[in-house]
Amino acid sequence: MQIATWNVNSARARQGRIVEFLQRTKVDVLAMQEIKCKPEQFPYEAFEAIGYKVLAHGLNQWNGVAFAYREDLVPEDVETSFYQQPEFKDVQEARAIGATFDGVRVWSIYVPNGRELDDPHMQYKLEFLDRLAATMAEQLEMDPSLEIALVGDFNVAPLDEDVYDLSMFETHVSQPERDAFEAFEQVGLIDKVRELVPNAYTYWDYKELCFPKNNGMRIDFMLTSEALTERITAATIERDERKGELPSDHVPVVFTLG
DNA sequence: ATGACTCGACTATCGAGA
């Protein structure tokens with residue numbers, strides 16, 4: 001079984017590339033972020049034509065998360081938010097969708113952008129990360145044998161090497177954001193992909209030739225509970241997906257289970 | 001060697017992304 005995560009930056013604009021990726025890799029489950037549409041606007045036909053079904057959660061043209069999964073799989077216990085997921089201005093945004101595939105609990109997560117260190121969105125981001133870690137901790141305390149994959153765009157660069165030039169950044173690398181990210185490790189969610197694919201970026205801004213200059217960031221992660229981590233046999237970061245026509249600014253991250 | 005952001009929204013600038 002293969003699971004992937006990809007911030008696609010619009011499911012409609014990217015449908016051709018997403019379908020080609022699925023045909024090429026044949027991943028079983030693809031967790032998407034930034035689908036930028038409502039469920040009724042999702043381009044289901046292109047996915048169904050190649051044997052994939054879709055679960056989408058989106059409120060408007062912002063955010064939005066989804067799963068594409070092989071049509072023989074049956075998603076169970078679908079949730080479109082996590083327990084006490086924070087709101088911004090009384091709106092619970094479409095930033096989380098969870099479903100169990102073949103016994104693996106997969107969450108597609110799009111962590112809010114904090115914008116600036118003193119922006120209200122930064123407090124929202126930190127609360128979002130805190131609540132998410134607390135929810136995962138509660139579930140793993142009840143059953144440490146759970147196979148959980150918490151994947152998506154975390155909008156945090158945990159290590160200095162995860163950005164091309166530390167002096168260019170204030171957000172994504174701040175200590176509060178890094179502390180909030182480290183909480184996942186403390187509750188038992190492990191970044192096995194980093195061990196298998198060190199020194200790689202997952203995002204390059206569209207602006208200022210960032211990709212040709214390799215001015216990137218590592219902000220997309222696949223965190224796994226201990227039971228699931230033990231099953232991971234391989235991982236890739238699909239850097240070539242940043243090339244060519246109409247790329248997303250993020251690339252897919254993939255792991256394989258034995 | 002060059003390039004020099006993209007998407008979706010009340011289609012025309014603008015918010016959002018990081």
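We name chains A, B, ... by the order of the sequence lines, and we start the count at 1 in each one. This is a predicted model, so every value here is computed, not measured.
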Note to self: If you take the centroid of each ring, where Trp contributes its six-membered ring, are A:Y52 and A:Y44 closer together than 6.0 Å?
What the structure shows: no
Next item on the list: Kindly state whether the ring of A:Y206 and the ring of A:F211 have centres lying under 6.0 angstrom apart.
Entry: no
In whole Å, what is the span from the [atom1] atom of [X] to the [atom2] atom of [N]?
| X | N | atom1 | atom2 | result |
| --- | --- | --- | --- | --- |
| A:E116 | B:dA16 | CD | C1' | 13 Å |
| A:N214 | B:dA4 | CG | P | 19 Å |
| A:R12 | B:dT6 | CZ | P | 18 Å |
| A:K125 | B:dG17 | NZ | P | 10 Å |
| A:H121 | B:dG15 | NE2 | P | 13 Å |
| A:K36 | B:dG8 | NZ | P | 7 Å |
| A:D249 | B:dA18 | CG | C1' | 9 Å |
| A:K38 | B:dG8 | NZ | C1' | 12 Å |

Next item on the list: Consider only side-chain heavy atoms of I, L, V, M, F, W and Y, link residues closer than 4.5 Å, and tell whether A:V78 and A:I109 are in one cluster.
Entry: no
Check: What about A:V19 and A:V29, same hydrophobic cluster or not, with Ile/Leu/Val/Met/Phe/Trp/Tyr joined at side-chain heavy-atom distances under 4.5 Å?
Finding: no
Looking at every strand, decide which applies to [X] at a 4.0 Å heavy-atom threshold: base, sugar-phosphate, or nothing.
| X | answer |
| --- | --- |
| A:Y203 | sugar-phosphate |
| A:D220 | nothing |
| A:R95 | sugar-phosphate |
| A:Q33 | nothing |
| A:N215 | nothing |
| A:T171 | nothing |

Checklist line | Distance-only donor-acceptor test, A:D205 side-chain atoms vs B:dA18 base atoms, 3.5 Å | finding: no
[X] side chain: which of [options] is closest?
| X | options | result |
| --- | --- | --- |
| A:P212 | B:dA18, B:dG17, B:dG3 | B:dG3 |
| A:Y110 | B:dG17, B:dC7, B:dG3 | B:dG17 |
| A:Q61 | B:dA9, B:dG3, B:dA18 | B:dA9 |
| A:L209 | B:dA16, B:dA18, B:dG3 | B:dG3 |
| A:E208 | B:dC7, B:dC5, B:dA18 | B:dC5 |

Margin query: Please verify the inter-ring angle class for A:Y69 with A:F101; under 30° counts as parallel, over 60° as perpendicular, anything in between as tilted.
Written below: tilted
Next item on the list: Name the orientation class of the two ring planes belonging to A:F184 and A:F154 (parallel below 30°, tilted from 30 to 60°, perpendicular beyond 60°).
Entry: perpendicular
Taking 4.0 Å as the cut-off, does a side-chain nitrogen or oxygen of [X] come that near to OP1 or OP2 on [N]?
| X | N | answer |
| --- | --- | --- |
| A:R115 | B:dG15 | no |
| A:N63 | B:dA16 | no |
| A:Q41 | B:dA9 | yes |

Checklist line | Distance between C1' atoms of B:dC7 and B:dA18 (Å, rounded) | finding: 15 Å
Next item on the list: Taking atom P in both B:dC10 and B:dA4, compute the distance separating them and give it to the nearest angstrom.
Entry: 29 Å
Item checked: Position toward the 5' end of DNA chain B (nearest nucleotide), A:R14 or A:D153 -> A:R14
Check: Of A:H250 and A:N9, whose nearest nucleotide on DNA chain B comes first from the 5' end?
Finding: A:N9
Notebook entry, point to check: Is it the case that A:R95 places NZ or CZ above or below the six-membered ring of A:Y110, under 6.0 angstrom from the centre and within 45 degrees of the axis?
Noted result: yes
